[in-house]
Participant: 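I have a structure I would like to understand better, so I am pasting it below and will then ask my questions one at a time.
A, B, ... follow the sequence lines: proteins, then strands. Residue 1 opens every chain. Source: prediction; values computed, not measured.
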Amino acid sequence: MSTPQLPTTASPPEAQTFPNNDILDVDKPESDFVPSLTSIDDFMVWQDHLAESWEENKPCVRVCDGAGCRALGSQQVLEKLRAELAVTRLSVPVQIVGTGCPGFCEYGPLLTIYPERVSYQRVKPTDIPEIVRRTLAGGELIERLVYHDPQTGAQIHTEPNLPFYKKQKRLLLNLNGRIDPKRIQDYIALGGYSSLAHALAELTPEQIIGEIKASGLRGRGGAGFSTGIKWELCRKNVLKTGSGFVICNADEGDPGAFMDRSVIEGNPHSVIEGILIGAYAIGLLDRSSRKWGIQDGYVYIRAEYPLAVENLRQAIKQAEQAGLLGQNILGTGMNFKLHVRLGAGAFVCGEETALMASVEGRVGEPRPRPPYPAERGLFDLPTNINNVETWANIPLILHLGSQAYASTGIGRSTGTKIFSLVGKINNTGLVEVPMGITLREIIVDIGGGIPLGKKFKAAQLGGPSGGCIPAEHMDVSIDYESLTALGAIMGSGGMVVADEDTCMVDFARYFMSFIQQESCGKCVPCRIGTKAMLATLERICAGQGNPADIDYLLELAETINTSSLCGLGQTAPNPALSTIRYFRDEYEAHIFEKRCPAHVCKGLITYSVIPELCPGCMVCLRNCPTGAITGAKKQVHWINPELCTRCGMCKSVCNFAAIAVN
Amino acid sequence: MPYSISEINDILRAELLGEGSLIGALEAIQERCHYLPAEALILASEAFRVPLAQVYAVATFYNAFSLKPKGKHCLHVCMGTACHVRGSPQVLDRLETRLGIQAGETTSDRMFTLETVNCLGACALGPIVVADETYSGAMTAQKIDKLLKNLEHAKETPR
């Protein structure tokens, strides 16, 4: 199947209440006008019109306005840019667009000048007058703001040539950084909602489900269950009960993961379109009598993502206005309302049964499965839950066709996967890679390696439910099976990089303390087991580990894994298990030698001044929060180990590297 | 944040007419009052016709809710993995020492509440501290001192 061509005869026979020329009357393509579409034909006309007026080559400055760049001041950059352009006379008008996150967060705020796609990084508001004067008016490059390859020192001027993007395959993130997420027009101009129109006009639910199955798409939330089969099961049950729900799980709780946030922030309509196609394919009961089994859907999203919530709500409003959500969608008789539910800060609500309990207004506690949500879910009706990234893949599959989609990837893992690359890595950010790429390519080629030339130790995938992949397995292919074989999981896409300065025992302790705090407390193995594991790990980190502790941890892990109620508990021991598997020597150093090889665990380290290097500048002395440092000007200082809390402040402020950790 | 009963009732009414979500209503009240007053729980239980015990269960289950009044300035330290490996424990340490409170507590003058969050998803900028919804990235113990100074200064100027 190639790009869908919509025959004009495919629209339902209703009279067109919306005169086409009204759509074409829109004189300014930039206008915020959203027509109320009442037929698929109407939609096609509007889309053609928007596509024609979309000029990628128009002079335009795109500034990343995602949550990451906002924290770095992109709002001030945009403000200054607007103010500056308002008073500058340029030969050609230049448009300003605040976009979603293109992914290169480390170098934010990002500013890209179209049509040349000149990429400026770490732009400050004070740079704006110069950018306007020299680049926009003068056509000159500002070398200071372009990317300098840290390895070769070469300057890279344009966005497509940045090494960060070279090995990526950006199918889902393609529009992030190009469109204004607050405008449905941008999304539609670039082909958005045509998969929905195609589905409604031409495809039966069975055909759609067949396509999704054939594409090989597997749940991007982490477990990797076939999406097509999930839909098929749910559809069967919806046909039986006559009603059901679809849910988008945007409760991205894994620490170090922000893929879903960026997709919703940067391209919310792609998720809405996927949900709509799902509601149609799973919920259509009888077309001729216009019976729709799924008329309500929920997006359960974290309240910690205010910008994503804002953009999502705006997108839903615009889709409703355009007749793509609500009653009688595009004149097909389909009714579908999309509700937004904010998570209230409970990690366990990412688990599907807990999530549904939370949507119902109850405490977010999971319940045993089966029955699976496809059979008995929200309000006891069949419910299909998919993760944000999974939903965003749906329009893409229908657009490309299942075969073309499946040509990306390896084995039973098809398509692309978005990872948030964080931790000890040079190019922190959001990357979308084809399945089957190696971890080394992600870390070295895309991520630019480890800061300060340190050694890569491990990458943690799948957050607190996942495991780590050590340096010796860096050439592992990123696909569901290979990762599972190494004791890690694909997970939802958090990839946290640890270097030689990261203590893997402390790393495991961190995840265990996270899980222990987030355990809902309903089942005993998770509630008490994680507490016991945490206490053991804390003891080891404090230098009070017993020789039997490793075996004790393994035993606890097995019990928790086999007897916990939900995924949170079952996977809770994974970080500990995988660090024991690959870094047993670090555990043993803590337990037997009372030594933390990475110099992290406070109970096992001491800070001291290296007399030869200390010029006696008093900086550490002034900054020490506990007054543990004594000394006088131009005299070697001394740290009192009794008073020292090992906060590391002295080391971080010392300009002479005169603080040693042992 | 002084509030009135009628404001709470307005919030509840709006939610009942809209999405009708108990958690949504509590979130709105939390945002308005910076905590969930006991009266609000009772009113919510009446408005939504659910047992007070269930409202209480919900109010105490989710991290976003607090039954105790919070300080004027809320400081959230991100303890996500990325922030952790980049040194958020030291940042939290510094805040706890400077404010003389532990995470989850409020200073006795009700000026500062110090809390930890699990991940704000802005991992590229870790460690992150959010002070009254303003994100500060790449925090260090020194930057904390500056941040507190600015906030303390802000508290003297009447809003």
Side-chain angles (χ1 to χ4, degrees), chain A residues 67-68 70-72 105-106 108 252-258 261-262 302-306 339-347 349 358-359 361-365 420 422-424 428-429 460 463-464 494 496-499 502 507 510-511 514 517-518 520 623 625-626 645 647-649 652-653, chain B residues 18-28 30-31 48 50 54-65 76 78-87 89-94 96-98 116-126 128 130 133-138 140-142 145:
Chain A
R70 271 197 182 185
L72 292 166
C105 306
E106 183 73 35
E252 184 176 50
D254 282 4
F258 55 95
R261 188 207 72 196
S262 296
R302 296 179 81 202
E304 286 91 333
Y305 289 171
H339 309 262
V340 177
R341 282 285 190 275
L342 296 190
F347 177 70
C349 288
S358 183
V359 172
R362 291 183 286 122
V363 163
E365 281 178 350
S420 57
V422 298
K424 304 286 189 71
T428 307
Q460 168 82 14
V496 186
V497 180
D499 70 359
T502 311
F507 208 48
Y510 164 80
F511 280 117
F514 175 85
Q517 279 168 28
E518 292 297 334
C520 76
N623 278 287
T626 55
T645 56
C647 71
M649 186 72 179
S652 69
V653 295
Chain B
E19 285 285 322
S21 152
L22 169 64
I23 295 177
L26 295 182
E27 275 165 347
Q30 170 82 37
E31 198 177 320
F48 281 84
V50 291
Q54 190 187 325
V55 180
Y56 183 78
V58 168
T60 49
F61 180 83
Y62 294 98
N63 292 332
F65 302 132
H76 292 268
C78 179
M79 298 309 265
T81 329
C83 288
H84 180 85
V85 297
R86 289 192 182 196
Q90 283 88 321
V91 170
L92 179 64
D93 239 34
R94 186 66 170 184
E96 288 181 338
T97 321
R98 284 293 309 269
T116 58
V117 285
N118 279 329
C119 184
L120 295 158
C123 307
L125 318 169
I128 290 192
V130 185
E133 286 160 31
T134 310
Y135 287 63
S136 308
T140 57
Q142 296 104 292
D145 294 355

Participant: Is chain A contacted by the side chain of B:E19, its backbone, both, or neither, given a heavy-atom distance below 4.5 Å?
Facilitator: both
Participant: Can you give me the closest heavy-atom contact between B:I23 and A:L342, atom names plus distance?
Facilitator: CG2-O, 4.2 Å
Participant: Please classify the contact between A:R302 and chain B as side chain, backbone, both or neither, with a heavy-atom cut-off of under 4.5 Å.
Facilitator: side chain
Participant: Tell me, for A:F347 versus chain B, whether the close heavy atoms (under 4.5 Å) come from the side chain, the backbone, both or neither.
Facilitator: neither
Participant: Rounded to the nearest 0.5 Å, how far does CG of B:D93 lie from OG1 of A:T645?
Facilitator: 6.0 Å
Participant: Does A:A67 offer a backbone N or O that forms a donor-acceptor pair with the side chain of B:Y135 under 3.5 Å?
Facilitator: no
Participant: For A:T502, is it the side chain, the backbone, both or neither that has a heavy atom under 4.5 Å from a heavy atom of chain B?
Facilitator: side chain
Participant: Count the heavy-atom pairs under 4.5 Å between each of A:K424, A:E106, A:R341 and chain B, then report the option with the highest count.
Facilitator: A:R341
Participant: Measure A:D254 against the heavy atoms of chain B and call it side chain, backbone, both or neither at under 4.5 Å.
Facilitator: backbone
Participant: What residue, out of B:A57, B:A25, B:S21, has the most heavy-atom pairs lying under 4.5 Å from chain A?
Facilitator: B:S21
Participant: So, do B:T97 and A:M649 sit near enough that their side-chain heavy atoms are less than 4.5 Å apart?
Facilitator: no
Participant: With a 4.5 angstrom heavy-atom cut-off, could you sort out which part of A:C520 is near chain B: side chain, backbone, both or neither?
Facilitator: both
Participant: Any idea which of B:R86, B:H84, B:H76 has the most non-hydrogen atom pairs under 4.5 angstrom with chain A?
Facilitator: B:H84
Participant: Among the options B:T60, B:L22, B:V58, B:V55, pick out the one with the most heavy-atom pairs lying under 4.5 Å from chain A.
Facilitator: B:V58
Participant: Counting C-beta onward and ignoring hydrogens, is there a side-chain heavy-atom pair between A:R362 and B:F61 closer than 4.5 Å?
Facilitator: no
Participant: Specify the closest pair of heavy atoms between A:P255 and B:G80, including all atoms of both residues, with the distance to one decimal.
Facilitator: CB-CA, 3.6 Å
Participant: Chain B heavy atoms under 4.5 Å from A:P306: which part of the residue, side chain, backbone, both or neither?
Facilitator: side chain
Participant: Using a 4.5 angstrom heavy-atom cutoff, name the option from A:G108, A:A257, A:G345 with the most pairs to chain B.
Facilitator: A:G345
Participant: Do A:V653 and B:Q142 have side-chain heavy atoms sitting under 4.5 Å apart?
Facilitator: yes
Participant: For B:Y62 and A:G364, indicate whether the former's side chain and the latter's backbone hold a donor-acceptor pair under 3.5 Å.
Facilitator: yes
Participant: Would you tell me whether B:N63 and A:E518 have side-chain atoms, one donor and one acceptor, within less than 3.5 Å of each other?
Facilitator: yes
Participant: Highest number of heavy-atom pairs under 4.5 Å with chain A: which of B:R94, B:Q54, B:Q90?
Facilitator: B:R94
Participant: Less than 4.5 Å to any heavy atom of chain B: does that hold for the side chain of A:V363, its backbone, both, or neither?
Facilitator: both
Participant: Hey, are the side chains of B:T140 and A:S652 touching, using non-hydrogen atoms and a 4.5 Å cut-off?
Facilitator: no
Participant: Is it the backbone or the side chain of A:S262 that comes under 4.5 Å from a heavy atom of chain B, or both, or neither?
Facilitator: neither
